[in-house]
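In this chain, numbering begins with 1 at the start of the sequence shown.
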Amino acid sequence: MTLRTRFAPSPTGYMHIGNLRTALYAYLVAKKDPDGVFILRIEDTDQGRLVEGATDIIYDTMAKCGLKHDEGPDVGGDVGPYVQSERVKDGIYLDYAKKLIRRGGAHYCFCDESVLQAQREAAGDEFKYDDPCRKLSIEECEARIAAGAQYVIRQSIPETGTTSFDDEVFGRITVENSTLDEQVLIKSDSFPTYNFANVIDDHLMGITDVVRGMEYLSSTPKYNLIYEAFGWDIPRYIHCPPVMKDEHSKLSKRNGDASFQDLIAKGYLPEAILNYIALLGWAPSENREIYTLEELVQAFDVKRIGTSGAIFDPEKLTWLNGMWLRNMPLDEYHQLVKPYIEKGLKGTFDTRKIAAILQPRANTLNEITEMVSFLENFSSYSNDLYNHKKMKTNPEIALESLKAAREVLAQTDDYSEENLHALLMELPQKLGRKNGQVLFPLRLAITGLQSTPGGAIELASIFGKEETLRRLDFSIAQLEQ
């Protein structure tokens with residue numbers, strides 16, 4: 001049997017990090033098998049929560065992350081439609097619900113849902129639903145419906161016995177049937193609930209492996225009772241622990257926690273985000289943290305998914321994102337960061353040279369615009385900045401070094417890094433100084449800052465002869481005063 005997984009999001013807003021991790025794990029499970037199929041299904045039966053444009057966000061997110069689905073609303077397939085509301089129009093769910101009634105797995109219910117809800121709230125944990133409609137024959141129910149009675153279709157749960165299932169993460173789970181509520185399968189508007197539609201669709205779409213959050217563990221016995229009532233094969237279950245904000249709270253867009261779109265807007269790479277969330281709850285067998293999507297396919301093993309929630313650490317993501325940026329070929333990195341460099345600069349600079357000094361230092365794309373602003377912003381600064389214990393400098397030593405550097409830099413028109421390095425690295429020995437006693441004052445003199453991306457040689461090459469000498473002259477005059 002071909003291995004088939006699905007990602008089935010609801011179009012209710014931005015892509016939650018936990019949802020994206022579910023999509024990733026479902027993709028990895030499918031692609032671990034050379035013939036595996038990864039399906040995208042849009043679950044939009046809860047019409048009241050739909051957000052306009054959210055389906056496009058799902059498509060966009062998966063495309064940016066490289067999670068290419070083999071079947072789905074936008075690419076087609078043999079078991080569509082892949083949007084649940086379209087399947088409602090085809091009458092699929094109502095037909096199967098009626099079949100389930102005939103097989104004893106469900107029943108018509110004519111009770112007032114508001115009354116039941118009031119009873120449920122009053123009884124709390126002690127509430128046990130005892131539907132009098134279960135005593136009606138199918139013929140009696142159909143007669144009421146023909147007369148215009150409003151109804152829902154509820155699942156019929158055995159009053160005794162247990163239901164068990166195996167999960168790849170949590171092992172064998174057994175529950176008493178008496179603890180399971182008889183959930184609504186078809187609402188009064190003829191729309192199915194998620195709890196019914198996902199079972200029908202998973203079967204009809206041939207889903208062999210269901211990957212989803214552990215919040216569905218408690219509902220899985222009820223799903224299995226539906227499978228068993230129809231005589232269908234039950235899929236392999238892989239329930240994943242939640243992604244946590246801290247030890248007590250799950251990540252939630254409702255609470256202002258970052259979505260995938262938020263992280264992209266903050267300057268994180270899709271590849272780095274995907275790499276990081278793969279590690280949230282899954283432990284590789286080897287001691288490494290940087291993975292491409294292709295490498296994750298090879299390394300992923302559901303047996304190494306943990307059972308406890310994984311805490312989302314923004315600092316770890318930032319570090320990982322920086323590693324991805326640093327591992328890029330310079331030409332690729334330059335093309336990526338060029339718009340961020342140009343956003344922070346008005347003058348004409350060699351953006352490739354600037355990219356080269358940023359690559360070892362920038363951890364997110366959004367840092368870059370501010371990081372390069374010093375290239376244009378130069379004004380008077382305190383001479384006390386030349387007092388640096390580690391570099392063993394003070395204003396007197398700085399003035400001596402800067403005058404010597406100015407003389408050397410004025411005599412050449414070749415401001416390549418290679419030539420400037422050769423010229424300036426001769427100065428410390430000539431002056432009887434340490435390298436830092438020459439290069440640190442020079443960097444400070446042409447930037448006005450003690451700390452910058454890039455050293456004195458790299459920055460002088462970026463500024464060019466005219467601007468470097470102008471800034472040097474300014475700083476020398478300031479020291480002489």
Side-chain angles (χ1 to χ4, degrees), residues 322 326 340-341 343-363 367-481:
R326 283 184 268 290
Y340 296 87
I341 294 172
K343 185 178 178 181
L345 299 174
K346 297 177 183 177
T348 302
F349 290 91
D350 186 331
T351 55
R352 192 177 189 279
K353 285 184 177 181
I354 296 174
I357 66 171
L358 293 172
Q359 191 168 17
R361 298 167 177 87
N363 287 317
E367 296 174 34
I368 290 172
T369 299
E370 186 175 345
M371 288 176 73
V372 301
S373 61
F374 76 93
L375 293 172
E376 286 186 333
N377 301 327
F378 182 74
S379 59
S380 60
Y381 54 92
S382 172
N383 287 339
D384 288 339
L385 294 178
Y386 287 105
N387 291 307
H388 198 291
K389 187 175 181 179
K390 183 178 179 181
M391 295 297 178
K392 298 181 173 60
T393 60
N394 57 39
E396 291 75 22
I397 293 173
L399 183 58
E400 174 192 27
S401 297
L402 293 181
K403 285 183 175 180
R406 205 266 181 221
E407 183 177 348
V408 168
L409 291 171
Q411 292 174 1
T412 183
D413 292 323
D414 182 358
Y415 265 62
S416 66
E417 285 187 29
E418 296 76 13
N419 185 57
L420 294 182
H421 184 273
L423 294 175
L424 291 171
M425 292 308 290
E426 294 177 354
L427 281 182
Q429 186 174 358
K430 289 180 180 179
L431 298 173
R433 300 290 185 186
K434 301 288 186 181
N435 288 352
Q437 291 177 302
V438 174
L439 297 179
F440 171 73
L442 178 56
R443 180 174 65 172
L444 177 53
I446 62 177
T447 65
L449 302 170
Q450 273 194 341
S451 177
T452 59
I457 295 170
E458 297 164 307
L459 293 171
S461 179
I462 289 171
F463 286 130
K465 182 174 183 177
E466 181 181 348
E467 182 64 12
T468 297
L469 294 181
R470 183 186 76 81
R471 294 186 177 209
L472 258 179
D473 290 341
F474 176 93
S475 294
I476 289 171
Q478 182 173 278
L479 277 168
E480 288 179 332
Q481 291 173 1

Nearest non-hydrogen partners of [X] and [Y], listed with the distance:
X: Met371; Y: Pro453; result: O-CG, 3.8 Å
X: Phe374; Y: Leu449; result: CB-CD1, 3.5 Å
X: Ile368; Y: Ala362; result: CG1-CB, 4.0 Å
X: Ala456; Y: Arg443; result: CB-N, 3.7 Å
X: Leu385; Y: Gly448; result: CD1-O, 3.9 Å

| message | I'd like to know whether Thr412 forms a side-chain hydrogen bond (donor to acceptor under 3.5 Å, both in side chains) with Asp414, so could you lay out the CA-CA distance, the side-chain angles of the two residues, the decisive distance to 0.1 Å, and finally the verdict. | response | CA-CA 5 Å; Thr412 183; Asp414 182 358; 5.6 Å; no
Should we say atom [atom1] of [X] is surrounded by more than 12 heavy atoms from elsewhere, each under 6.0 Å from it?
X: His421; atom1: NE2; value: no
X: Glu370; atom1: CD; value: no
X: Glu480; atom1: CD; value: yes

Donor-acceptor pair, [X] side chain versus [Y] backbone, under 3.5 Å?
X: Glu376; Y: Lys346; answer: yes
X: Arg361; Y: Ile357; answer: yes
X: Gln437; Y: Lys392; answer: yes
X: Glu407; Y: Ala404; answer: no
X: Asn419; Y: Tyr415; answer: no
X: Thr468; Y: Ala460; answer: yes
X: Arg471; Y: Ile446; answer: yes

Close side-chain approach of [X] and [Y], heavy atoms under 4.5 Å:
X: Ser401; Y: Phe440; value: no
X: Ile341; Y: Thr369; value: no
X: Leu459; Y: Leu375; value: yes
X: Ser380; Y: Gln478; value: yes
X: Leu409; Y: Leu424; value: yes
X: Leu439; Y: Met425; value: yes
X: Tyr386; Y: Glu396; value: no
X: Phe378; Y: Ser475; value: yes

Can you tell me how far the [atom1] atom of [X] sits from the [atom2] atom of [Y], to the nearest 0.5 Å?
X: Ile476; Y: Lys403; atom1: CD1; atom2: NZ; answer: 7.5 Å
X: Asp413; Y: Glu466; atom1: CG; atom2: CD; answer: 12.0 Å
X: His388; Y: Leu444; atom1: NE2; atom2: CG; answer: 9.5 Å
X: Leu472; Y: Leu442; atom1: CG; atom2: CG; answer: 5.5 Å
X: Ile397; Y: Asn394; atom1: CD1; atom2: CG; answer: 4.0 Å

| message | Holding to salt bridge (Lys or Arg N to Asp or Glu O under 4.0 Å), I want the full list of residues that pass it with Arg470, two or more places apart in sequence or in another chain. | response |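 By the salt bridge (Lys or Arg N to Asp or Glu O under 4.0 Å) rule, Arg470 matches Glu467.
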| request: Tell me, with the steps shown, if Leu345 and Ile354 meet side-chain contact (heavy atoms from CB on, under 4.5 Å). | output: CA-CA 11 Å; Leu345 299 174; Ile354 296 174; 3.7 Å; yes
| Salt-bridge contact Glu417-Lys353 (side-chain N to carboxylate O under 4.0 Å) |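 Here Glu417 does not pair with Lys353 in a salt bridge, since their nearest N and O are not under 4.0 Å apart.
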